[in-house]
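No hydrogens, no waters, no symmetry mates; every other heavy atom, side chains included, goes into these values. Throughout, protein chains are lettered first and strands after them, A, B, ... in sequence-line order, and every chain is numbered starting at 1.
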Protein chains: 2
Amino acid sequence: MNAPLRMPLGPAAPGLRADMKGQCSDCNTGGLCLATGLDSVSKMRFDRLVGQHRRIAGGDMLYRTGQPLHSLYTVRCGFFKTRRRGPAGDQITSFPMTGELLGLEAVGTGIHQSDAVALEDSIVCELPFAALELLFEDIPGLHRRFYRMMSYEINRQQHLMILLGNMRAEQRMATFLIDMGAAYASRGYSPVRFQLRMSREDIGSYLGLTIESISRLLARFTKLGLITVNKRAIVLNDPQRIAEMASGFSPCSPMV
Amino acid sequence: MNAPLRMPLGPAAPGLRADMKGQCSDCNTGGLCLATGLDSVSKMRFDRLVGQHRRIAGGDMLYRTGQPLHSLYTVRCGFFKTRRRGPAGDQITSFPMTGELLGLEAVGTGIHQSDAVALEDSIVCELPFAALELLFEDIPGLHRRFYRMMSYEINRQQHLMILLGNMRAEQRMATFLIDMGAAYASRGYSPVRFQLRMSREDIGSYLGLTIESISRLLARFTKLGLITVNKRAIVLNDPQRIAEMASGFSPCSPMV
DNA sequence: CGTGCGCTTGATAGAAATCAATGTCAGTGG
DNA sequence: CCACTGACATTGATTTCTATCAAGCGCACG
């Protein structure tokens, strides 16, 4: 069952490339970046805004709770987790990947309300927020795009609230797997074969479960033939049934 | 223990006043509304935007999942719940009260992703969204204020995610009571004596618990002398200890 | 070769859900 | 006026899902 898998595992960890001042024009984040859809003149201006392409080593923090907001960041390549600290423990609130915008929680107060941690060596585009706000005045459609992204974020979080508030462990895991697949799919990778970038503990914190439960759930899904797991490499063998579990069909047996 | 309480219970249900085209200038929503802080000229323009003050009867829906976004709404007086429908059941995502902005989840897609239900007879200011977007171009600071409110909403939801993902039932209830008190306090009412507007079932859906658990928790808090409950009237007798429970101190005994 | 971290697996405990009555109260109609 | 109804709420008994406690595995690394 745990025979060695040979599979394409989604985007490779970035080789920490040297072009630290690349342009948006040669960026492959697809339709996800804030700058997408701008005309070429606006895109040049936006290019000038992007202060730097910062490299973040895996395990390092991009920003942390309590820091003043200097910049928002778009993930150019790599993988992050955002973590909100609470009285009863931490909650992972998202696993941002290529193209996603980081730091929106700080826009209201000017102070970061969570940590952003790189899960692997990553590169981000730094968007100095003060300059971005000025650019809103100049580039038509940019601030519309901005608040739409915030609305998407609100929806993403509500999706997670339903998961945390209403779903059984099995359904949470099924939802997580399907969502991860979809995230890879929207970036041109396989929705059924991918490499998890986060630890079991991170998954647990994200899904409101313990690490032991995560382990048992993956074991059970494997036993049912739904998935194949090798360390952090995942294959969804029966994505349809997993999706049904996520949707609340398929009786959702207990956790043994 | 259940002696009849005589107390001021927060804002009275509105008398469904006749002034359906009141100005922002005579609005008492305090510093919470989108129009707050505008200069008088801008405020007049904003006034003209506000299409109507719609009355919503208790139990009626302001909008529902799947409807196209026509307008955002500010609660002028009254009380709402927003409900997100999910495969495993519904989740109450907020209890908007005076001054709060409704409909932000629809900005990204143009389609409402949740229901807004009035918990009592209420009045809202209708902000036609297309017109609002045009106004962003004209009124300096308005769109900044707008996306800041979205960021606050993101933070509010993250707070709730921590509650749903990490807290025990007792801690959730304590947090809920403190949060409700704070919401009333920020509107000039007592933070320790208030009238809940929502059913036990709504509270349960909001906190990710069953209605029975809510009932037992309130009974237990009462037995401990922390609160006094009479139907939906609540008095926090020991707000400090309740706050400690919310913060994770105070050992959080089981639910019996 | 030990040491530590991430992960798995098993046994047990416990918090909250579920199932099942019962109670309260407002509204309605006989 | 009182019985009936239905929504909302409380309370008790029991079940069950998941956490917790505990042990061990496998692999990378010093």
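- Between A:R168 atom CZ and D:dT15 atom C1' the separation is 12 Å, expressed in whole Å.
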Sequence-aligned protein contact record of nucleotides 6-13 of chain D, with B where the base is within under 4.0 Å of a protein heavy atom and S where only the sugar-phosphate is: --SSBBBB
Derivation and outcome, side-chain contact (heavy atoms from CB on, under 4.5 Å), residues A:R54 and A:Y73: CA-CA 9 Å; A:R54 270 179 56 187; A:Y73 302 91; 3.1 Å; yes
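- B:M97 has its side chain within reach of B:R187: a pair of non-hydrogen atoms, C-beta onward, lies under 4.5 Å apart.
- In terms of heavy atoms, A:L207 sits closest to A:R172 at O-NH1, 2.7 Å.
- Nucleic acid contact class of B:G204 (heavy atoms, under 4.0 Å, all strands): none.
- Side-chain N/O atoms of B:R220 include none lying less than 4.0 angstrom from OP1 or OP2 on C:dA15.
- Rounded to an integer number of Å, the gap from B:M167 CE to D:dA19 C1' is 18 Å.
- The shortest heavy-atom contact between A:E120 and A:G78 is OE2-CA, 3.4 Å.
- Summarising the geometry, the separation between CD on A:E170 and P on D:dT18 is reported as 9 Å, rounded to the nearest angstrom.
- Here the closest non-hydrogen pair linking A:T175 and A:A246 is OG1-CB, 3.5 Å.
- Rounded to a whole Å, the CE atom of A:M173 is 13 Å from the C1' atom of C:dT8.
- Between B:P68 and B:I111, the shortest heavy-atom distance links the atoms CA-CD1, 4.1 Å.
- Taking 4.0 angstrom as the limit, A:T210 places none of its side-chain polar atoms (N or O) nearer than this to OP1 or OP2 of D:dT18.
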